[in-house]
Amino acid sequence: MTDVRVRFAPSPTGPLHIGGVRTALYNYLFAKKMGGTMILRIEDTDQTRYVPGAEDYIIESLDWIGIKSEENPVVGGPYGPYRQSERKAMYGEYAQKLIDEGNAYYAFDTPEELDAMRERLKAGGVHTPQYNGLVRQQMKNSLTLPADEVKAMIDGGEPYVVRLKVPLKDEIRLQDMVRDWVHVHSNTIDDKILLKSDGMPTYHLANVVDDHLMKITHVIRGEEWLPSAPLHVLLYRFLGWEDTMPQFAHLPLLLKPDGNGKLSKRDADKHGFPLYPMQWTDPKEGTVASGFRESGYLPEALLNFLAFLGWNPGTEQELFTFDELVDSFSIDRIQKGGAKFDIQKAQWYNQQYLKQLSNAELGQLLLEQLKTEGIEASPEKAEAIANNMKERITYTSDLWTEAKYFHIAPIEYDEKTVRKKWNETAVNGLKAFTSALASEGDLTPERAKEVFSKTLEDAGLGFGKVMPALRISLTGQAGGPDLMEIMAILGREEVIQRIETAITRLQENV
RNA sequence: GGUCCGUUCGUCUAGGGGUUAGGACGCCUGGUUUUCAUCCAGGUAACAGGGGUUCGAAUCCCCUACGGACUGCCA
């Protein structure tokens, strides 16, 4: 078998949708599994929808999540260029071939004339007006106009498009790797535009020409392309490439968490989760859309989660390293039905991957965040905090947001705990503890525990009487890591000070 | 409307004629923990409906219902 070559071909019209990331992932997994090549091709044939920065965003996103391509617009490759706008000259040749062989034709209808045609047909009871075998005979094109007139129009600079001449009666069959045989009758396909009046190809032509020229062996893409797949088969046939036509695999859609339908930005906002791999700032509106990266997701976790949305290895293993994913991946285990996007599962994956990180790695992540907050901390301290927080975080950002008290003394105290646990007994215990601490040196968790136990023992108090008050004084919160550990990280003097501050500020609650 | 695709616990899914229909997330209960979380144990919950085929259908066939995608000089 020839070497497997797959491509991910996004259009630079904005940030990369998470569904696109999954498509890229499946392509990548398949390529790695087969020892093949992954190609990134930018489909920028629609100049009106071009968004500055989108291409860089796509490349950076794929890089962040760990999807690497061997051939792409940045490093190039043997079948470049990898940006369709730069391949513009190539498409005309094939459009011409189609015209010459009677499989395509010129059309001169203006947008207004097309609208009028659609209106006319709708009025006549046709729900979906098509530019098809019947309609084309009543329109302005090289099939209805005399040859010399056509030539004159083209020479005279009259704008035109090239349309595919879809056969009237033909059954088109294709074997999809996910769905098996799909057949469609040609009379349900209309004469799609191949070359636009600006000379750029549409997706249909560009994708077929490029996939052929780039020797793509497998086209793995979203289900939204299934209806136009027969059209692409027709193109391969007319271009004489049917025997080297790539195999198709149409992936199930990512659906909204509730109800039905394609996952959209609206759903993501409604449920408060990101839709894009990285944060995206719209260059025109200036609006900011959140990203998984900035929300504290680990790329490995997101990858694992995404891999399981529409595919599974058939075993009971849930956590997979990238290599394991490659190892077990196969297209015939891809699901046919759409998968609802369940952010809770993504959170669980993130938690699992977070727990697997070393304290040093986690500490480093915390340090990065502290830097953006303008807070200084030693790597040792960050590591110690990470060690105590790793069992209770969902996002990397929780290292900071859930444990600010390691860096800043509490400003507020959990109201419920104060009401129930802050009383004279507790305050007395706290006071005894600070005096005991006064004569201590550096605190270790062990030493802190010894002093605390001894103090309570001498005062004849139980742990439960004082502990909650101590926690409140130190952290302001009701829950959290082991207090002895917290005290060791905070340091003796800070502990004493926070207790005294709390006693003063909570006086009225005694 | 038309064409195409789909349908197993709330969610992701295992399942290729005979299973107590399995796992994971979530949720609930209990245990561990001086707190929270983790962890451990247990529980809740599904084959869209109807016809066939068969000794026997979640599994094969047909119909219905429901859902989705597509239906642009967008990709």
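All chains are named by letter (A, B, ...) in the order of the sequence lines, taking the proteins before the strands, and each is independently numbered beginning at 1.
The number of heavy-atom neighbours closer than 6.0 Å to CD of A:E424, taken from other residues, nucleotides and ligands shown, is 12 or below. In this structure, A:K431 places its NZ atom where only 12 or fewer heavy-atom neighbours from other residues, nucleotides or ligands lie under 6.0 Å away.
With distances taken from any side-chain atom of A:P111 to the nucleotides B:A75, B:A24, B:C73, the minimum falls on B:C73. Checking B:A69, B:C4, B:U38 against the side-chain heavy atoms of A:E224 singles out B:A69 as nearest. Listed nucleotides: B:U35, B:C74, B:G22. Nearest to the side chain of A:K196: B:C74.
Counting atom types as modelled, A:T202 pairs no side-chain N or O with a base atom of B:C73 as donor and acceptor under 3.5 Å. Scanning atom types as modelled, one donor and one acceptor separated by under 3.5 angstrom connect the side chain of A:R392 and the base of B:C36.
Here B:G67 sits opposite B:C5 as a Watson-Crick or G-U wobble pair (both hydrogen-bonding atom distances under 3.5 Å). In this structure B:C47 sits in no base pair that meets the Watson-Crick or G-U test at under 3.5 Å. B:C60 is paired with B:G52 under the Watson-Crick or G-U wobble criterion, all donor-acceptor distances under 3.5 Å. Partner assigned to B:U35 is none, using Watson-Crick or G-U wobble distances below 3.5 angstrom. Pair check for B:G72 finds none; no Watson-Crick or G-U wobble contact set falls under 3.5 Å. Look at B:A24: its Watson-Crick or wobble partner, with both distances under 3.5 angstrom, is B:U11.
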Side chain to side chain donor-acceptor pair (under 3.5 Å) between A:N207 and A:E43, worked out: CA-CA 8 Å; A:N207 133 281; A:E43 311 230 323; 5.5 Å; no
Worked check of side chain to side chain donor-acceptor pair (under 3.5 Å) between A:H250 and A:R221: CA-CA 5 Å; A:H250 289 95; A:R221 78 230 296 196; 3.1 Å; yes
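For the OP1/OP2 pair of B:A37 and a distance below 4.0 Å, the side-chain nitrogens and oxygens of A:K390 include no atom meeting the criterion. Neither OP1 nor OP2 of B:U35 sits under 4.0 Å from any side-chain N or O of A:K421.
Aromatic pair A:Y297/A:Y349: ring centres not closer than 6.0 Å. Note: A:H218 and A:Y26 fail the aromatic proximity criterion, with ring centroids not under 6.0 Å apart. Taking the six-membered ring for Trp, A:Y276 and A:Y57 have ring centres at least 6.0 Å apart.
Sorted by first and then second residue, the salt bridge (Lys or Arg N to Asp or Glu O under 4.0 Å) pairs with a member in residues 458-482 of chain A read A:K454-A:D458; sequence neighbours excluded.
Within residues 479-486 of chain A, the residues approached by RNA chain B to less than 4.0 Å at the level of any non-hydrogen atom are A:G479, A:G480, A:P481, A:D482, in residue-number order.
At the heavy-atom level, A:K355 lies under 4.0 Å from the strands shown only through sugar-phosphate atoms. A:H183 comes within 4.0 angstrom of the backbone, heavy atoms only, and of no base. At a threshold of 4.0 angstrom between heavy atoms, the contacts of A:D115 with the nucleic acid are absent. At the heavy-atom level, A:R179 lies under 4.0 Å from the strands shown only through sugar-phosphate atoms. Within the 4.0 angstrom heavy-atom criterion, no nucleotide atom of any strand lies near A:R221. A:K465 comes within 4.0 angstrom of no nucleic acid atom, judged by non-hydrogen atoms across all strands. Within the 4.0 angstrom heavy-atom criterion, only backbone atoms of the sugar-phosphate kind lie near A:V182; the bases stay farther away.
For the C1' atom pair drawn from B:U8 and B:A58, the interatomic distance equals 7 Å after rounding to whole Å. Rounded to a whole angstrom, the distance from the C1' atom of B:U35 to that of B:G26 is 24 Å. To the nearest whole angstrom, the two P atoms, one in B:U29 and one in B:C61, are 45 Å apart. One C1' atom belongs to B:G52, the other to B:U59, and the distance between them is 15 Å to the nearest Å. Taking the C1' atom of each, B:G10 and B:A48 are spaced 16 Å apart, rounded to whole Å. B:C73 and B:A65 have their P atoms separated by 33 Å, with the value rounded to a whole Å. The same atom, C1', is picked in B:A69 and in B:C28; the two are 38 Å apart, to the nearest Å. For the C1' atom pair drawn from B:U3 and B:C9, the interatomic distance equals 33 Å after rounding to whole Å.
Residue whose closest nucleotide on RNA chain B sits further toward the 5' end, between A:L253 and A:D198: A:L253. The residue among A:D44 and A:H185 whose nearest nucleotide of RNA chain B is located toward the 5' end is A:H185.
When rounded to the nearest whole Å, the span between NE2 of A:H271 and C1' of B:G26 equals 15 Å. Going from atom CD of A:Q351 over to atom C1' of B:C36 covers 13 Å, rounded to whole Å. Atom CD in A:Q352 sits roughly 18 Å away from atom P in B:G23 (whole-Å rounding). As rounded to whole Å, 14 Å separates atom P of B:G6 from atom CG of A:L251. In this structure, CG of A:L226 is placed 15 Å from P of B:U3, rounded to the nearest angstrom. Atoms CG (A:L114) and C1' (B:U71) sit 15 Å apart, rounded to a whole Å. Put simply, CD on A:Q347 is 11 Å from C1' on B:G26, counting in whole angstrom units. Remark: C1' of B:A75 and NE2 of A:H232 are 10 Å apart, rounded to the nearest angstrom.
With A:Y131 as the aromatic partner, A:R163 meets the cation-pi criteria of under 6.0 angstrom to the ring centre and within 45 degrees of the ring axis.
A salt bridge does not link A:K345 to A:D342: none of the charged nitrogens lies less than 4.0 Å from a carboxylate oxygen. Note on A:K340 versus A:D258: no salt bridge recorded, every NZ/NE/NH1/NH2 to OD/OE distance being 4.0 Å or above. For the pair A:K165 and A:D191, the salt-bridge criterion is not met [side-chain N within less than 4.0 Å of a carboxylate O].
Judged as a ring pair (Phe, Tyr, Trp, His ring centres under 6.0 Å), and not counting sequence neighbours, A:Y413 has no contacts. Take A:T394 and apply the side-chain hydrogen bond (donor to acceptor under 3.5 Å, both in side chains) test, not counting sequence neighbours, and it matches A:Q351.
Test A:P12, A:S11, A:P10 against A:D44 for side-chain contact (heavy atoms from CB on, under 4.5 Å) and you get one pass: A:P12.
Between A:H232 and A:W225, the two ring planes are tilted [angle within 30° to 60°].
With a glycosidic angle further than 90° from 0, B:G67 counts as anti.
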Protein-to-nucleotide contact annotation, 5' to 3' order, nucleotides 40-48 of chain B [B base; S sugar-phosphate only; - none; under 4.0 Å, heavy atom]: ---------
Reading 5' to 3' through nucleotides 10-16 of chain B, protein heavy-atom contacts under 4.0 Å coded B for base, S for sugar-phosphate only, - for none: -SBSSS-
